[in-house]
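The block underneath contains the structure these notes are about, expressed in structure tokens.
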Amino acid sequence: MQRNQLRFVIAKRQSIVVGLFFVLLFLIIIKFFLVQVVQHNYFEKKSVNNSIKLIPIAPSRGLIVDRNNKVLAANKLIYNIELDPNKKHDFDNIRTHLRSIISISDADVEQYYRITKENYYSSTVPIKSDLSQRQVASFLARQYLVDQVSLVPRLERFYPFNEYSSHVVGYINRINKGDVDKLRRMDKIQLYKGTDHIGKTGVELMYENSIHGFPGFKKIEVDAKGNVIRTIESQEPEHGQTIQLTIDIDLQKIAIEAFQDQSGALIAMDPNNGEILAYVSQPDFNPNLFINGIDHKNWNKLNNDKSKPLLDRVIHGVYPPGSTLKPFVAMAALENNLRKPPYKMFDPGYFTMPNGSKTFRDWKREGHGEVDLVKALAVSCDTFFYSLGLELGIIKINNTLSNFGFGKVTGVDLLNEKKGLLANEEWKKNKKNKRWFAGETVITAIGQGYTQVTPIQLASATTKIAVFNGGNQPHLKLGRFLPLSKNAEKKEMSTSTDLMHYIRKGMEDVTAPGGTAAFLANDRYKIAAKTGTAQVFGLKGGEYIEDDLPDHLKDHALLIAYAPANRPQLVIAVVVEHGGSGGTTAGPIAKKVFDYYLKNYNNE
């Protein structure tokens with residue numbers, strides 16, 4: 001009985017096993033049928049794709065040249081030792097085999113890891129860049145010892161003038177996650193396949209679309225080991241365009257060297273067409289440090305520097321304009337039929353508010369005596385403008401300043417330009433939750449208070465004094481705007497042309513005997529100018545001696561100027577941070593730029 005039951009159990013289990021076998025066999029047959037018949041085309045296509053690779057070919061980045069075709073941003077052929085970032089590497093072994101060729105430091109390894117962390121397109125990442133010809137030859141002879149390392153030729157960006165063009169030309173850097181996200185939003189991600197770098201600042205960023213170009217591709221067939229069998233199809237990339245700038249790099253060098261070790265900004269432009277010939281922000285930096293990702297040591301040095309070398313002061317620096325604002329406030333008076341010569345007033349050296357609440361001192365303690373609008377500009381009479389500001393009121397002052405471009409961007413072809421500030425009652429209420437006082441209008445008229453301007457705004461506004469309508473807006477790309485024709489200029493003339501005569505005469509007298517920049521007078525050409533001193537430090541109810549202050553609390557020195565006065569060819573705006581007097585500090589810098597330009601461009 002027990003034997004029969006045992007045979008029954010065994011037979012039942014055998015039946016279950018056989019059944020499961022046939023079920024699995026059936027499933028295998030079905031799967032085989034699906035793969036071989038139903039999905040044949042899909043897997044055949046996938047198999048082909050596995051053996052055919054599409055390799056992007058990056059375009060060469062376009063050059064950037066100055067107005068005389070001197071190269072400001074070039075491409076040079078270099079050879080790098082590079083590694084596959086998707087593989088794990090034995091750096092001790094690599095160092096051992098390469099030590100007779102080149103030294104790989106801990107900083108190189110750290111840099112490699114940092115680049116790899118944000119690497120999105122490159123199949124290889126450099127561990128050592130820009131090998132010499134001897135190092136290249138030595139590496140090729142020993143390459144078999146380190147098959148995980150590749151020698152890769154690349155076209156690398158190079159800035160021949162180093163610091164001289166850093167802020168205007170800008171720099172490129174390796175593409176990071178933020179760049180990738182931005183490219184995806186702009187639907188341009190495919191254009192950067194095979195590209196490692198992208199414009200980050202300056203012209204490199206502004207004209208990235210033109211400078212970058214369009215990638216090509218190579219379709220190749222490879223075997224199971226990845227060896228290339230043949231090239232099926234290829235398309236050459238469309239290389240980036242050369243961008244020619246209005247900048248004269250030789251004039252730029254003259255301006256930078258004139259600053260010596262002082263911080264500040266200078267912009268020089270042709271008032272007749274808006275071309276920027278010199279674009280200076282001091283201190284500057286070496287843009288070549290950024291190309292493959294700046295190392296921590298250099299980054300910390302630049303980023304922690306109190307003088308802020310990475311700040312583009314021309315379009316991002318905002319300053320109180322000081323007395324350089326007076327010509328524009330004077331124009332507000334004339335436009336509102338106030339104080340037109342022969343109107344005169346006596347300056348005792350101070351101005352007291354009508355209600356006696358506050359007295360404002362002139363920079364010249366004993367006063368300037370009898371002054372009219374022209375003399376007030378020439379000697380920078382504060383008292384004249386204190387009372388004028390109160391007469392005009394903040395609304396009329398700001399309306400004229402706005403017409404000259406203050407409080408708004410100039411439209412220069414660079415990104416993220418600041419617009420400065422024209423403060424008023426509404427602004428103060430919203431910003432500080434306080435009411436506007438009449439005394440704040442008084443000091444606005446001499447360029448103090450809340451008013452903030454950028455150096456490029458000062459230059460652009462000065463062109464509107466130098467020549468009627470100031471030609472075109474400031475620009476850096478040569479040929480971006482055409483000069484206004486003579487007919488267009490005449491057509492746009494208004495009644496303010498006659499009024500401008502007084503402003504120009506006052507600025508010409510600044511460099512005449514008795515003017516605040518009389519030392520700029522010379523026998524070769526006449527400079528029209530306006531000096532300015534913007535207070536950084538003040539004592540409530542008291543005074544201070546400028547020379548006794550530490551450097552970082554000294555006044556900013558400013559100057560706006562154009563020359564020759566009778567036929568303006570160049571406008572200059574200068575800001576010297578903590579430079580003291582505008583005439584004695586900013587003036588000599590401008591003079592050197594005028595001398596070079598008017599001599600070498602035969603415009604004297």
Side-chain angles (χ1 to χ4, degrees), residues 61-67 69-75 156-176 178-179 182 195 197-213 240-249 251-253 255-256 259 263-269 274-294 298-299 302-303 305 308-318 409-418 454-457 459-460 473-480:
R61 197 165 179 85
L63 305 181
I64 300 175
V65 301
D66 83 339
R67 66 187 302 111
N69 288 309
K70 292 185 178 180
V71 179
L72 307 180
N75 299 316
E156 183 176 84
R157 204 59 156 173
F158 173 63
Y159 301 103
F161 288 93
N162 297 328
E163 291 87 349
Y164 287 115
S165 64
S166 56
H167 286 102
V168 61
V169 172
Y171 59 83
I172 66 170
N173 202 335
R174 301 187 76 87
I175 294 174
N176 59 32
D179 298 319
K182 182 179 178 181
T195 301
H197 295 77
I198 194 169
K200 295 287 186 176
T201 65
V203 170
E204 290 275 32
L205 172 61
M206 179 68 192
Y207 289 104
E208 170 66 24
N209 290 343
S210 300
I211 297 174
H212 175 259
Q241 299 174 19
T242 292
I243 302 295
Q244 186 171 21
L245 302 184
T246 58
I247 294 293
D248 179 338
I249 194 62
L251 183 69
Q252 178 105 343
K253 290 170 70 175
I256 289 174
F259 268 86
S263 298
L266 176 147
I267 186 161
M269 56 188 287
E275 293 180 358
I276 298 172
L277 292 110
Y279 185 107
V280 174
S281 178
Q282 289 295 105
D284 43 31
F285 61 93
N286 186 350
N288 290 299
L289 294 173
F290 287 85
I291 294 172
N292 279 312
I294 188 168
N298 281 305
W299 170 250
L302 289 172
N303 197 44
D305 191 330
K308 299 181 179 179
L310 297 177
L311 173 65
D312 182 351
R313 289 164 162 82
V314 175
I315 61 172
H316 296 152
V318 288
V409 297
T410 65
V412 67
D413 42 341
L414 288 174
L415 296 179
N416 305 316
E417 178 187 3
K418 288 193 174 181
T454 63
I456 197 169
Q457 284 177 335
S460 180
Q473 70 186 106
H475 58 280
L476 287 163
K477 185 179 179 183
L478 193 64
R480 185 175 185 228

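If you read the sequence from its start, that first residue is 1, and numbering goes on from there.
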Give the minimum heavy-atom separation between [X] and [Y], together with the two atoms involved.
{"X": "E204", "Y": "A73", "result": "OE2-CB, 4.0 Å"}
{"X": "H197", "Y": "N292", "result": "NE2-OD1, 3.1 Å"}
{"X": "F161", "Y": "L72", "result": "CD1-CD2, 3.8 Å"}
{"X": "F290", "Y": "N286", "result": "CD1-O, 4.0 Å"}
{"X": "D413", "Y": "L476", "result": "OD1-N, 2.7 Å"}
{"X": "I211", "Y": "R61", "result": "CG2-CG, 3.3 Å"}

Whether the side chain of [X] engages the backbone of [Y] through a donor-acceptor N/O pair (distance < 3.5 Å, no angle test) should be reported.
{"X": "D66", "Y": "I249", "answer": "yes"}
{"X": "H316", "Y": "N416", "answer": "yes"}
{"X": "H167", "Y": "G202", "answer": "no"}
{"X": "T410", "Y": "Q473", "answer": "no"}
{"X": "Q252", "Y": "Y164", "answer": "yes"}
{"X": "E417", "Y": "V409", "answer": "no"}

Next on the checklist: Using the rule given for side chain to side chain contact (heavy atoms under 4.5 Å, CB included), can you reason through F158 versus V71, listing the C-alpha separation, both sets of side-chain angles and the distance that settles it, and then say yes or no?
Outcome noted: CA-CA 10 Å; F158 173 63; V71 179; over 6 Å; no
Item to check | Derivation and outcome, side chain to side chain contact (heavy atoms under 4.5 Å, CB included), residues K477 and M206 | outcome: CA-CA 10 Å; K477 185 179 179 183; M206 179 68 192; over 6 Å; no
Checklist entry - Which distance, rounded to the nearest 0.5 Å, do you find between the CG of N69 and the CG of L63? => result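 One finds 10.0 Å between CG of N69 and CG of L63.
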Next on the checklist: Under the criterion side chain to side chain contact (heavy atoms under 4.5 Å, CB included), I'd like the reasoning laid out for I247 against I276: C-alpha separation, chi angles, the key distance, then a yes or no.
Outcome noted: CA-CA 6 Å; I247 294 293; I276 298 172; 4.0 Å; yes
Checklist entry - Does atom NZ of K200 have more than 12 heavy-atom neighbours, drawn from other residues, nucleotides or ligands, at distances under 6.0 Å? => result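 Yes - once you tally the heavy atoms of other residues, nucleotides and ligands closer than 6.0 Å, there are more than 12.
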Checklist entry - Do the side chains of Y279 and T246 get nearer than 4.5 Å, heavy atoms only? => result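 No, side chains not in contact.
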Checklist entry - Should the pair R174-D179 be classified as a salt bridge under the 4.0 Å nitrogen-to-oxygen rule? => result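 Salt bridge between R174 and D179, a charged N being under 4.0 Å from a carboxylate O: no.
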